[in-house]
Amino acid sequence: MSTTSLPSVAGSRFTGARALGLLLRSGAVVALVAACIFGAMRYYAFATPENVVNVLRQNSMLGLVALGMTFVILTGGIDLSVGSLLAVAGVVAAMLSTHGSLPAIAGGLGTAMLLGIVNGVLIAKVRIQPFIVTLAMLIAARALALAATAEQSVTVSPDASALSWLGRGELGPVPLPVALLVLAYLIGWTMLRYTRFGRYLYAIGDSEDAARLMGLPVDRIVIATYALSGALAGLGGIVLAARLGAGQPVAGTGWELDAIAAVVVGGTLLTGGQGGAGSTLVGVLLLGVIFNLFNLEGTISPWWQWVLRGVFLLGVVIVQGRLQRRLTHE
Amino acid sequence: ARKDAGAYVVGFSQMESDNPWRLAETKSLRDEAGKRRIQLVVTDAQGQTAKQVSDVEDLIARHVDLILLAPREYQGLAPALQAAKAAKIPVILVDREAAGTPGVDYVTLLASNFVEQGRRAGEWLAAQTNGKANIVELSGTPGASVAADRAKGFRDAIAKYPDMKIVASQTGNFSRATAQGVMQNIVQSLGKQITAVYAHNDEMALGAIQALAAGGLKPGHDVRVLSIDGERAALEAIDRGELGATVESNPRFGPLAFDTIDKLRKGEKLPPKILITDRFFDRDNAKQFIAEAY
Amino acid sequence: MTGAAPPALLRMEGITKTFGSARALDGVDLTLRRGEVHALVGENGAGKSTLVKIMTGAYHRDSGEMWLDGERVDFDTPAQAQAAGVCAVHQEIHLLTHRTVAENVYLGREPRRWGFVDWRRMNHETGALLAGLGLDIDPRAVVGTLNTARQQMVAIARGVSLGAKVLVLDEPTSSLSPREVTILYDLVRRLKAQSTAIVYISHRFDELYAICDRVTVLRDGRLVSSHDLASLDRLDLVCLMLGKSRDALRAGTTAFGEQRHAPAASLTAPQPPLLRTEAIARGSRLRGVSLEVAAGEIVGVAGLLGSGRTETARAIFGAAPSEQGAVYLGGRRLDPQSPDDAIAAGIGFVSEDRKAEGIIPELSIRENLTLAALPMLTRFGIVSRSRQVEIVERFMRRLGIKAASADQRIRELSGGNQQKVLLARWLCTEPRLLILDEPTRGIDIGAKGEIQALVNELAASGLGVLMISSELEELVEGSTRVVVLRDGRSVAVLQGDEISQQAIIHAMASERAPAAQDAAS
Amino acid sequence: MTGAAKPARVAAPPSPPAWRRLVPGPAYAAVAALGVLVALNALFTPNFATASNLWNVLLQVSTVVLVAVGMTLVISTGGIDLSVGSVMAIAGAVAAVLLDRGMAVALPAALIGGTLVGVLNGALVAALRVQPIVVTLATLIAGRGLAQVISHEGELVTIDHPGFALLGRGHLGPIPYQALIALASVAAGVFLLRATPFGRYVLAAGGNPAAARLAGVPVQRTIVSVYAASAFLASVAGLIVASRLGASDAAKIGQNMELDAIAAVVVGGTALSGGRATVLGTVVGALIMQVIATSFNMLLVPYSWSLALKAAIILLAVYLQRPKRV
Ligand SMILES: Nc1ncnc2c1ncn2[C@@H]1O[C@H](COP(=O)(O)OP(=O)(O)OP(=O)(O)O)[C@@H](O)[C@H]1O
Ligand SMILES: Nc1ncnc2c1ncn2[C@@H]1O[C@H](COP(=O)(O)OP(=O)(O)OP(=O)(O)O)[C@@H](O)[C@H]1O
Ligand SMILES: [Mg+2]
Ligand SMILES: [Mg+2]
C-alpha cells in the first residue's frame, strides 16, 4: 500500500525507487520502522510471530473504525460518534445472537449504519456542522446502548458460531479479525483510488462548493460516507463483541480520539481532500506498537505512559507536517 | 525488561489506574513482589475490556510465568483466559470474577465480595435507622459490574424493611466532582425528605457530604451517609462525624496473592475462591485505622 | 421580447432573488437562442452572477420561471442543470486545488474500466483536449500549482468538454493574458458554430464587441433591456449600464483624466525619492527589481503573468521579504521583514486577490475598514468607537461605498465596493506610499472610473503610488512612469512620452526566456 | 473626483431591538430556548424556581462558563482546545502539592503552570501550523498524565487549607465567589472582543488569516494569546474545582470538560468555522446545558435518558441557528 498521503500525482506510475523515496518521506512510516527496530533490539519478545499477530489482532478493531474515520475526514468532516456506534453494534449483535449469527451480524451492522445515515442526513440535508452532529450522536448512541442493555454486558450466545468465528476464528495462521482488517483496507484503498465514489470524497474535501458546482451529488456522497463510517465502526463493534464474547454498552469509549489520532498520525489532513487508507493503517499500527512496547517494558507508570503518548503524538505530527510542507513546496 | 534466565516473572493486568483504590491495589502487589524479589510487570487497561485482553496477550508474548488479572468485567475476558491457557500460563483472578471455571480457565479467584459489601452497608443503615429511611443512592459508573453488585446487595438488605425507600438513584460516576454536583441538585429537589445517602464508593460520599452541607443539611446529623471502600479521607470523615460508616473493600491483595502463588508453585491444591477479609469502619474503630488506610 | 424568429433555447422570466434584506434580482427576464453569444452586462453587484447561478442550479430563485427547449425546468442542484446541458464556468474559479488537471476536467464523469477509474485514459483524453485547445498544460499537474490564468483555462476546458447546450462564462478573461484570450475567442466561435448558446459576462467592452451577438443589461437587480449588440454603440451601452445620460459621461477610456503624465511637484525638487528598491530578489521568482517612486507620483508596473510583479509588491511590503537587495523609504533603509514593519513606516498594500487576501468576510464594513488603523484608534487599550464611526462615515462618503450600513458584512458587498473598502482601509492609516496590485480587476466600468479618479486625486495630494496592472490602458493613461518587469527583473523604465502600449508590450515580451510560454500575441 | 455620495441602494433594515443587539446574530434563538427551558422547569420541576436553586445553578455553571469563555476565543480564531480538562487537572494538582508553602506560592504556580500548556498549544498552532485539534488532543493526553505525575504519582492529594477552600466554597452574601469569578471572566471576554484591538484581531485571524496578516494584524501573537487565555481560564476553573472537592483528584478533575465547553459555545451560537464570537451567547449556552443537567437530577431522570435528551437539545439549539442555505 503506498502512502497516498503525499501529494503524489494520482495515476502516475511508481517506480520502486520513487515509491521508497515517498515512503521514507512519510513521517509515520519512518516512526513505525524506528519503533519496530527499537522494540526488536530491546525486547526478546517483540519480533516474535506471536507478538506480531498480537499487535495486528489487537488493533484490528480500531483499524476498522479508523478506516471509516479516514473516509469522513477526507471529505473534510469528522465523526465523533464511532465509539458509541461500535458499542451499539456490539450490543445489538449480542442481543440478537440467540436468533443466530446472521440476524446478529446484520442487525448490528444495520443499526450502526442507520445511525451513520442519521449523522449524514443531519450534516448534508439539515446542514449542521459534522462536529456537532456527531458529538450529539456520541452522546445519544451511548445512551441507546446503555438503555437497551440496562447498563449490563450482554453475552454472545454460544450458538451463534459464525458470529464468534468473526472474533476468534483463524484462517491458517491469520486470526480472522486481522484478515478482515487487511481485506477492509485493500477494499478501502482500491475504492479511494479507483472508484468514482472514492475520488468524490477527495473532491468534496478539497472544496465542497467546487464539487457541488461541478455537479457532484454532494449530499448523497456525504450521507453515504457517514453511513460507511457507521458501518465500519459497527463491524469493529461486532468483531469486538465476538472476540470478547459479550456486547458491552461501554465499549469503545474514547475510541473516536484514538481513531482521529491514528488518521492524523498517518498523514491524512483534517482539512480534508488529502490523505488515504494506507497511511491510516500505518498510523493505527504505530499507535498500537507504542502500547505494545509500554506493555513489554511493563514498568512505566500509567501516567508517564500518558505523557509519553502525548509527546510522541505531537512529535510525529510535527515531523509529518514539516515533511509534507517541504514536499508541497518542491 | 529483558527476561533474566531463571527469574520468576509475574504479570499483573490492572484494569484502570485512575482512583485511589486501584492505586493501592497495584502498590500492594508491587511492594509484596519487591519484598519477595519477584519481578512484577504491570499493564494498565485504562478501563477498557478490549485493552485488557490485549494487555494479557502482550504479557503472554512476553512469556511471564504467571498472570494476575484484575478483570474489568465479568464478561469479555474469555479470549484472554483462553490464550493464557493455550500458552500454559496460570492465571489468578484478583478482586473480581470473570466468566470461566476455576481450576480450568483460571487457577483461583482472590475475591472481593461486592454484593456482600452492599449488603453490609444496607444492614448497618437498617440498624441505625430502625428500618426507616429515605435514601439517595449515588451509583458508580453506568455499566460497571461493581456498581451493579453494590446496588444489588444493598437492595437485598433493605428489602425486608418496608419503610426503607430509595427516593433517588443517580449516577456519580465514582467521582467526587460528579457526585457533588448531582447531590446538590437532588438536595434542591428533595431537600429535607432525604435522611440517608448510600454512595457506591467513598469518593462520591465525600462529594455528597459537601453538597449536603452546602444545601443546609447537616451530614451525620440530618442525613446519614454511608459508603464502601475505606480510604483514608473517608475514615477521617467518620472521625469528624460526617460519614456514618464505610464498608472496607480491601485493596491490599499483595500478601494474599503472593502467598497463593507460593502455594501454587509448591504444588498445593487451591480452593476455587479465596475471599479477602473486608473490615467495617464506623465511629467506634475508624480513628485507629486512619494511619494505615490508603 | 418573445420574438417570432429563432426559437428560444432557454428562457427565464420574472426571476427574483433576495439575500437577507438585499434584493439581488427583481423580475429579470433573459432569452437565449441557439448559437448566439449573449453578453450580460451591468455594474458590480447588478446581479449578473446571481442570475447565472440561478440558471445553473447553484442558487434557488425566490420566484420566476425557466424554460429549456420549451419545457419548464427547475434545477435544484448544479448536477441537474449539467445533466440537462446547462453548464457554467463561474466567476470565482471553482476547481479542486489539490487534485490534478485531469481529475478536475473529468470530475463527475470519469472514464471507467470494469467499474474502476481508468487513470490512463483520463489523463490521455485530458491531454488531447487541452492540446486541441492549444494549451500546453500537463494533465497530471496539481491544479493548485498552476497560476491563475492556467487554472482559468482548465476551468474553461472543463466547461467546454461537458458539451453543454448552454455554456455560461462569468468573467472568463479577468486573469487571462492576450494569448489565452485569443484561444478563448476561437473556442467561443467554435461552440457557436455547433449552435451552443453562450452567456458571456465581462467588464471589458472590447471583448463584448469582439464576440457577442446580443446583450442584456442589468442594473441594481433589474432588467434594463436586451439588444442586438451591433445596433448599440459603446457609449449607449455604458449609459444603459450606469443609468446616466450620454452627456454625463466622460470620453476617456480610463478616469485618469487631464492630470496624466503631469509630473508631481515634488519630482522636480532635488529630494530623495520616497521609495527606492535596489535589485531586490527572493527565490526564483524575484531576481532583481530596482525601481523608484517619488511622493505624488503614480508609478505603473507592467509585466506578463508571472513576471514577478506581485512578488515585487509583497517584498516591498514585507509580506514575502526580499532576501537580497535593499528597500529604502524616504531615504532610510527599511527592508521590512513583515507587514507590520512596512505599515509602521507608512506603506499600504491592496493585494490582487480580494477574496483570499483582502476581506475578512464575516466582519462588518466598519471593522474591515479600520483594521489596519486600529493602533491609531486605540486609547488606553480601548478602541475609540466614536473615532471609528467618524472615520468610516467619512471614507464611505468620500469613496462612494454603496452599502446598507457600515455594519453590513463585507462579503455581502459587490466586488467594486469591497475594493473601495480595502482602499479605504489603507487610506485611513494616512500612508506615504500605497501599493496597488491590480486595483481594478473584475470591477465594473463605473466603479473602475471612480477608483482610478480616486488614485489620481490621492497622488495629487502627495501620496506615492505603485500601481500594478495588466491593463495597459490603465498604465498608459495613469502613470507618470512605468517600470517593466520580465522574469523577475526590472528591464525598462518608460517615462513621459515614451509611455505607450506598444512600448510596454515590446519591453515586456522581447528576449523572453524560452521557459516562459505566456507570450503576448 | 466622484466625491458625491450615491444614495445607498439597499434601504437600511430597521435596527434590531436593544436586547437582540446584546446577543448578536442568531443567538437569540438560544436565549429563547433557555427561556422555554426555565419556564417549563418552573412549572413542572418541584423546587426548581427557588432562590437557593438559582444560586445552585449559578454555582455549578461557573466552571463551565470560565472554560467556555476561553473556548469561545479559541473557536473564533477557527481553532479548538481539547486540552482544557487536562489543564484544569494540572492546575489543581500543582496547587495541591504546593499549598503547604502558602497560597502566595501555590496559586501563581498553578496558574502559570496551566497557562504554559496553553502557550505551548498556541505556539505549535501558530508557528508550526499543526492543526489545533491534534495539538490539543496531544496535550489532552500528555497533560492528564502530567497532572497525575505532579499529584505524587496519581495520589489523591487532600487539600486542607481554609483560605484556599474559600475559592470554591466561599460566598459574598448569597453569591458564590466562583460565580463572581466567572462573571468577571465573562465581562473581560465581552470587553476584549468589543472594545479592544485584540478582539478585532481575534475575529480577523479567524475570518481570514492571510488577509489579516497583510492588514498588519499580529496573527501569530493573537493565536498564542488566545490559547494562553483559554488555558489560564481553565486553570482558574481547575483551582475552583480542586477547592470545592478539597482534593487534587488529577484523574477526574476536568474530565470531559472540553466537550461541555464546546457544547456551550456552539449552543450559544458561535460557529466552529471561526471568525465570529459571542461570549454572552456562550453564557446562555452554558446555562442551557446546566439547566438541563440540574433538572434531570431533580426529576431523577435515568442516566441514559438524560444523555439522549441532552444530545437532542444540543442538536435542536444548533439547528435553530444554522445558516440559511441560498
Ligand atoms: N451569497 C450572498 N449573500 C448575500 N448577498 C449576496 C450573495 N451573493 C450575492 N449577493 C448580493 O447580490 C447582489 C448581486 O451580486 P452578483 O454577484 O450577482 O453581482 P454581479 O453582477 O455578478 O457583480 P460583479 O460584476 O461584481 O461580479 C450584490 O448586491 C451582492 O452583494
Ligand atoms: N506555480 C506557482 N505556484 C505557486 N504560486 C504561484 C505560482 N505561480 C504564481 N504563484 C503566485 O501567484 C502570484 C503571482 O506571481 P508573480 O508575482 O510571479 O506574478 P505577477 O507578475 O504578479 O502575475 P499575476 O498577474 O499573476 O499577478 C504570487 O503570489 C506567486 O507566489
Ligand atoms: Mg459576478
Ligand atoms: Mg500579480
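Proteins come first, then strands; the chains are lettered A, B, ... in the order of their sequence lines, and each starts at number 1. Every heavy atom of this structure was used, including side-chain atoms; hydrogens, water molecules and symmetry mates were not.
- One distance of note links CG of D/Leu59 with CD of B/Gln180; it measures 8.0 Å at 0.5 Å rounding.
- Contacts between D/Val301 and chain B at a heavy-atom distance below 4.5 Å involve the backbone alone (N, CA, C, O).
- Heavy-atom contacts from other residues, nucleotides or ligands closer than 6.0 Å to CG of D/Asp160 number 12 or fewer.
- Both the backbone and the side chain of D/Ala247 have a heavy atom closer than 4.5 Å to some heavy atom of chain B.
- Heavy-atom neighbours of D/Lys310 NZ from other residues, nucleotides or ligands within 6.0 Å: at or below the threshold of 12.
- In summary, the side chains of B/Asn173 and D/Gln255 do not present any donor paired with an acceptor at a separation below 3.5 Å, with no hydrogens or angles considered.
- Residue-level contacts of residues 221-234 of chain B with chain D do not occur; threshold 4.5 Å between heavy atoms.
- Here the CG-CD1 distance, from D/Leu300 to B/Ile186, works out to 6.0 Å after rounding to the nearest 0.5 Å.
- For D/Glu258, the salt bridge (Lys or Arg N to Asp or Glu O under 4.0 Å) test picks out no residue, with sequence neighbours left out.
- Annotation for B/Asn19 and D/Lys252: closest pair CB-NZ, 4.2 Å, computed over non-hydrogen atoms.
- With a 4.5 Å cut-off on non-hydrogen atoms, D/Thr50 touches chain B through its side chain but not through its backbone.
- B/Ala177 touches chain D through backbone and side chain together, each having a heavy atom under 4.5 Å away.
- Side chain of B/Gln184 to main chain of D/Asn53: no donor-acceptor pair is present (N/O by atom type, distance under 3.5 Å, no hydrogens or angles).
- B/Thr171 touches chain D through its side chain: at least one heavy atom from C-beta onward sits under 4.5 Å away, while N, CA, C and O do not.
- B/Glu203 touches chain D through its side chain: at least one heavy atom from C-beta onward sits under 4.5 Å away, while N, CA, C and O do not.
- Shown here for D/Asn297 and B/Val182, the closest heavy-atom pair between the two residues is OD1-CA, 3.5 Å.
- For chain B, the nearby part of D/Phe296 is the backbone; its heavy atoms alone come within less than 4.5 Å.
- Annotation: the span from B/Ser175 atom OG to D/Leu245 atom CG amounts to 7.5 Å, rounded to 0.5 Å.
- In terms of heavy atoms, D/Ala293 sits closest to B/Asn185 at O-ND2, 4.2 Å.
- Using a 4.5 Å cut-off between heavy atoms, B/Val187 makes no contact with chain D at all.
- Taking CD of D/Gln148 as the start and CG of B/Leu23 as the end, the distance is 7.5 Å to the nearest 0.5 Å.
- Expressed to the nearest 0.5 Å, how far CZ of B/Arg176 lies from CG of D/Asp249 amounts to 7.0 Å.
- D/Leu299 does not touch chain B: none of its heavy atoms, backbone or side chain, sits under 4.5 Å away.
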Stepwise, does the side-chain contact (heavy atoms from CB on, under 4.5 Å) test hold for B/Gln210 with D/Arg169?
CA-CA 9 Å; B/Gln210 268 156 22; D/Arg169 298 183 224 169; 3.5 Å; yes
